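Keep in mind the model is a prediction, meaning the values are calculated, not measured. Hydrogens, waters and symmetry mates are skipped; everything else that's a heavy atom, side chains included, is used.
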Amino acid sequence: QVQLVESGGGLVQAGGSLRLSCAASGRTFGMYVMGWFRQAPGKEREFVATASRSGASTYHIDSVKGRFTISRDNAKNTVYLQMNSLKPEDTAVYSCAASAAPGIHIREVEYDYWGQGTQVTVSA
């Protein structure tokens with residue numbers, strides 16, 4: 001069982017930056033592939049980024065490439081999402097998720113555990 005708690009969300013102006021954190025419980029954090037998803041009002045949840053167990057491999061959706069970066073610190077049981085050059089369309093609830101299966105995962109069904117989410121609001 002893994003419990004995930006996100007933090008770092010908030011209100012920021014367009015062009016600003018935020019760093020989201022997702023802290024995981026347990027001593028097996030390094031065995032999980034981690035991902036970030038987001039859900040904007042009235043829209044379905046969308047995959048944003050994922051990092052392999054070691055963090056050596058990452059994947060980001062095209063709309064955030066060059067602006068967002070996923071990283072992880074296995075010693076701290078934490079995965080991060082650094083978000084720069086934020087746009088109003090990035091406004092959403094951002095959730096982290098953990099998958100026990102190896103590889104790179106972009107589908108919700110591939111993830112076993114989810115956090116509650118943190119709100120990110122970008123004003124124009």
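Arg38 contributes atom CZ, which lies 14.0 Å from atom OG1 of Thr118 (distance to the nearest 0.5 angstrom). Separation of atoms OH (Tyr32) and OG (Ser52) is listed at 16.0 Å; rounding is to 0.5 Å. We find the CG-OG distance between Leu86 and Ser17 to be 6.0 Å, quoted to the nearest 0.5 Å. If you take OG on Ser21 and NZ on Lys76, they are separated by 9.5 Å, rounding to the nearest 0.5 Å. Taking CD1 from Ile106 and OG from Ser99, the interatomic distance works out to 12.5 Å, rounded to the nearest 0.5 Å.
No continuous path of hydrophobic side-chain contacts links Ile61 to Tyr80 [ILVMFWY only; heavy atoms under 4.5 Å]. Leu11 and Leu18 are assigned to two separate hydrophobic clusters, defined by single-linkage of ILVMFWY side chains at heavy-atom distances under 4.5 Å. Leu20 and Val5 are not part of a single hydrophobic cluster, where members link through side-chain heavy atoms under 4.5 Å apart. Under the 4.5 Å side-chain heavy-atom criterion for Ile, Leu, Val, Met, Phe, Trp and Tyr, Val12 and Val64 are members of the same hydrophobic cluster.
Side-chain rings of Trp114 and Phe37 approach one another, their centers coming within less than 6.0 Å.
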- Message: Between Gln1 and Tyr113, is the side-chain contact (heavy atoms from CB on, under 4.5 Å) condition met? List the steps.
- Response: CA-CA 8 Å; Gln1 188 78 10; Tyr113 303 102; 3.8 Å; yes

- Task: Check the pair Thr121, Gln119 against side-chain contact (heavy atoms from CB on, under 4.5 Å), reporting the backbone distance first and the verdict last.
- Result: CA-CA 6 Å; Thr121 303; Gln119 176 70 48; 3.3 Å; yes

- Query: Yes or no on side-chain contact (heavy atoms from CB on, under 4.5 Å) for Arg107 and Phe47, after CA distance, side-chain angles and deciding distance?
  - Reply: CA-CA 7 Å; Arg107 299 183 301 159; Phe47 166 79; over 6 Å; no

- Query: For Arg45 and Val93, what are the C-alpha separation, side-chain angles and deciding distance, and is it a side-chain contact (heavy atoms from CB on, under 4.5 Å)?
  - Reply: CA-CA 9 Å; Arg45 187 153 55 185; Val93 174; over 6 Å; no

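In the displayed structure, Glu44 atom CD is contacted under 6.0 Å by at most 12 heavy atoms of other residues, nucleotides or ligands. The 12-atom threshold is exceeded at NZ of Lys65, counting heavy atoms of other residues, nucleotides or ligands nearer than 6.0 Å. Heavy-atom contacts from other residues, nucleotides or ligands closer than 6.0 Å to CD of Gln39 number more than 12. Enclosure of atom CD in Glu46 by more than 12 non-hydrogen atoms of other residues, nucleotides or ligands within 6.0 angstrom is indicated.
Counting only distance, with no hydrogens or angles, the side chain of Thr50 and the backbone of Met34 share a donor-acceptor pair below 3.5 Å. Side chain of Thr91 to main chain of Glu89: no donor-acceptor pair is present (N/O by atom type, distance under 3.5 Å, no hydrogens or angles). The backbone N or O of Val48 sits nowhere less than 3.5 Å from a side-chain atom of Tyr59 that would complete a donor-acceptor pair. Judged by distance alone, the side chain of Glu6 and the main-chain N or O of Cys96 form a donor-acceptor pair under 3.5 Å.
Ala100 approaches Arg53 most closely through the heavy-atom pair O-NH2, 3.0 Å. The shortest heavy-atom contact between Ala98 and Leu4 is N-CD1, 3.8 Å. Pairing each heavy atom of Phe29 with each of Val79, the nearest pair is CZ-N, 4.0 Å. Nearest heavy atoms, Leu81 versus Ala49: CD1-CB, 4.3 Å. Between Ala124 and Ala14, the closest heavy-atom pair is CA-CB, 4.4 Å. Of all non-hydrogen atoms in Ala92 and Ala40, the two that sit nearest each other are CB-N, 3.7 Å.
Looking only at side-chain heavy atoms (C-beta outward), Ile70 and Arg72 stay at 4.5 Å or farther from each other. You'll find the side chain of Arg67 stays beyond 4.5 Å of the side chain of His60, heavy atoms only. Side-chain contact between Asn84 and Gln82: present, with at least one pair of heavy atoms (C-beta onward) separated by less than 4.5 Å. Within the 4.5 Å cutoff, side-chain heavy atoms of Val120 are placed close to those of Met83.
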